[in-house]
Amino acid sequence: MVGQSGLSDFFEQFLQREPIFVNKKVLQSNYMPDAILHRKKQLEFLANILAPALRSEKPANIFIYGKTGTGKTLVAQHTLDMLARAAESRNLKIKSIYVNCKLKKVSDTEYRIVTELARSMGQDLPATGLPTDEVWNKFLAAIDVEPQIVIVVLDEIDRFVSKVGDEILYNLTRINSELKKAQVSLVGISNDVRFIENVDARVRSSLGEEDIVFTPYNALELKEILEKRASSAFRANAIGSGVLEKCAAYAAKEHGDARRALDLLRAAGEIAEREGVQHILPEHIDRAEDRIERDRVLEITVAQPKQSQIVLYSILELMPNSGKKIETGEIYERYLQLCRQTGSSGLTQRRVSDLIGELDMIGLINAKVISKGRYGRTRQIYLTIPDDMVQKIRDKLKADLEV
DNA sequence: AGGTATTCACATGAAACTATTCTCTGAGTTAGG
DNA sequence: TAACTCAGAGAATAGTTTCATGTGAATACCTGT
């Protein structure tokens, strides 16, 4: 315990120190820098395609794809901003609608997406109660009030197409034939390169009139991006030598994800700040990665459905006293035991087997199917969660599940 | 020794069932004309 | 009378169970040397 005088000393000291961060927002993933590095080709290409809008011609539909953190959203939003500005100064009617299909609020159904589109056109709609085509009509009416070009950006479309199907896309691609005054162009953004292959052929040909590929950043490019952001995010000289290089190298290893690189740098800064040191050092990056990984594991764990959590808890309980590897049978027994304790009936082994498979997919555990010859065939399971985390997660689950 | 057949302990698949969520219709309600 | 609200019917969906079939190799069982 720190005594009273000690505590005020602490605050004094805290204020005496120069802060490491000047503007932390710059490192957040939704921050929009005024210049985008290493995406010149894509920017120009996209601008080229959209430019006809300034002459009141309908731009071609575009399909953009690339892995996460390669700047797709950034480039799209930036280009649209510029376009809007150019249009404004010339008094042209160009509107853009941006819908991120990943957000839970939107993603589930066709209804919700169309509602979202109509809302951003200024329509006020109830969350439920209306027929879908009614909402379509409202959306159409809202667009068609005057001659204008509307650019609809659907971010992460792969998400909802896998859930909802491609009917909306089909409707959207043919929307122009129903409009008298306005015209609509589509911009689809997807993380999944193969996504376009699983879409209805008619939609494919019309959405993919043009496409842009975003290749991952390499370590050098990442470093430059980090340098740029870091210079306005941190106090001058706050970054030790080799820090950005290390950060970039880490992120480049994971398919050149710039968002991850920035997260890493921000976390490293926070750690350094808490330690009260003046500079960020390469070792802070290591610790930041560790922390991010922990947060991720915990987050995933908590987000699991209840049954899956119970299965995971069973695994965690069994882990220490059976050496390194355990098998499906053991887990199921333990699982049933837990269920009896809480008075619930428990799932079938069939299902638990699937749940174990899912936990493996997520990466919380590592399950390998092996055959033990005369003694059957099973999954051999070991944890991928770091040892010192196991205890914490177990306690967390224990509390959540009231076991 | 070498070869074949068994057997274990689940994995993996398919179909059916169930509870929940969504969409949509029509009855009832409200408000304006 | 048009517009709106809301309950409930029907469709879509996710999660699960039931039934059925598949799997890889250690072991048991032959078979002829």
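Rounded to whole Å, the distance from CZ on A/Arg377 to C1' on B/dT6 is 16 Å. Atom CG in A/Leu359 sits about 13 Å away from atom P in B/dA11, given to the nearest Å. For the pair A/Tyr375 OH and C/dT23 C1', the interatomic distance rounds to 18 Å; values are reported in whole Å. Rounded to a whole Å, the CG atom of A/Asp354 is 15 Å from the P atom of C/dA14. In this structure, A/Leu347 places its CG atom 17 Å from P of B/dC10, rounding to the nearest Å. The distance between atom CZ of A/Arg374 and atom C1' of B/dT6, rounded to the nearest whole Å, is 7 Å. When rounded to the nearest whole Å, the span between NZ of A/Lys368 and C1' of C/dT23 equals 17 Å.
Of all nucleotides listed (B/dC10, C/dA26, B/dT12), B/dC10 comes nearest to the side chain of A/Thr378. Across C/dG24, C/dT18, B/dA11, the shortest atom-to-atom separation from the side chain of A/Ser371 is found for C/dG24.
Each of A/Arg350 and A/Pro305 was matched to the nucleotide of DNA chain C holding its nearest heavy atom; the match closer to the 5' end belongs to A/Pro305. Heavy-atom nearest nucleotides on DNA chain B were determined for A/Gly376 and for A/Ile356, and the one closer to the 5' end corresponds to A/Gly376.
Taking the six-membered ring where the residue is Trp, A/Tyr332 and A/Tyr335 present parallel rings, their angle staying beneath 30° rather than reaching 60°.
In terms of phosphate contacts, A/Thr328 brings a side-chain nitrogen or oxygen within less than 4.0 Å of OP1 or OP2 of B/dA11.
No salt bridge links A/Arg287 with A/Asp290; every basic N to acidic carboxylate O contact stays at or beyond 4.0 Å.
Judged by the 6.0 Å and 45° rule, A/Arg39 forms a cation-pi pair with A/Tyr217.
Proximity of A/Glu210 to A/Asn61: side-chain heavy atoms (C-beta onward) are nowhere separated by under 4.5 Å.
At a cut-off of 3.5 angstrom, the base of C/dT17 holds no donor-acceptor pair with the side chain of A/Arg351.
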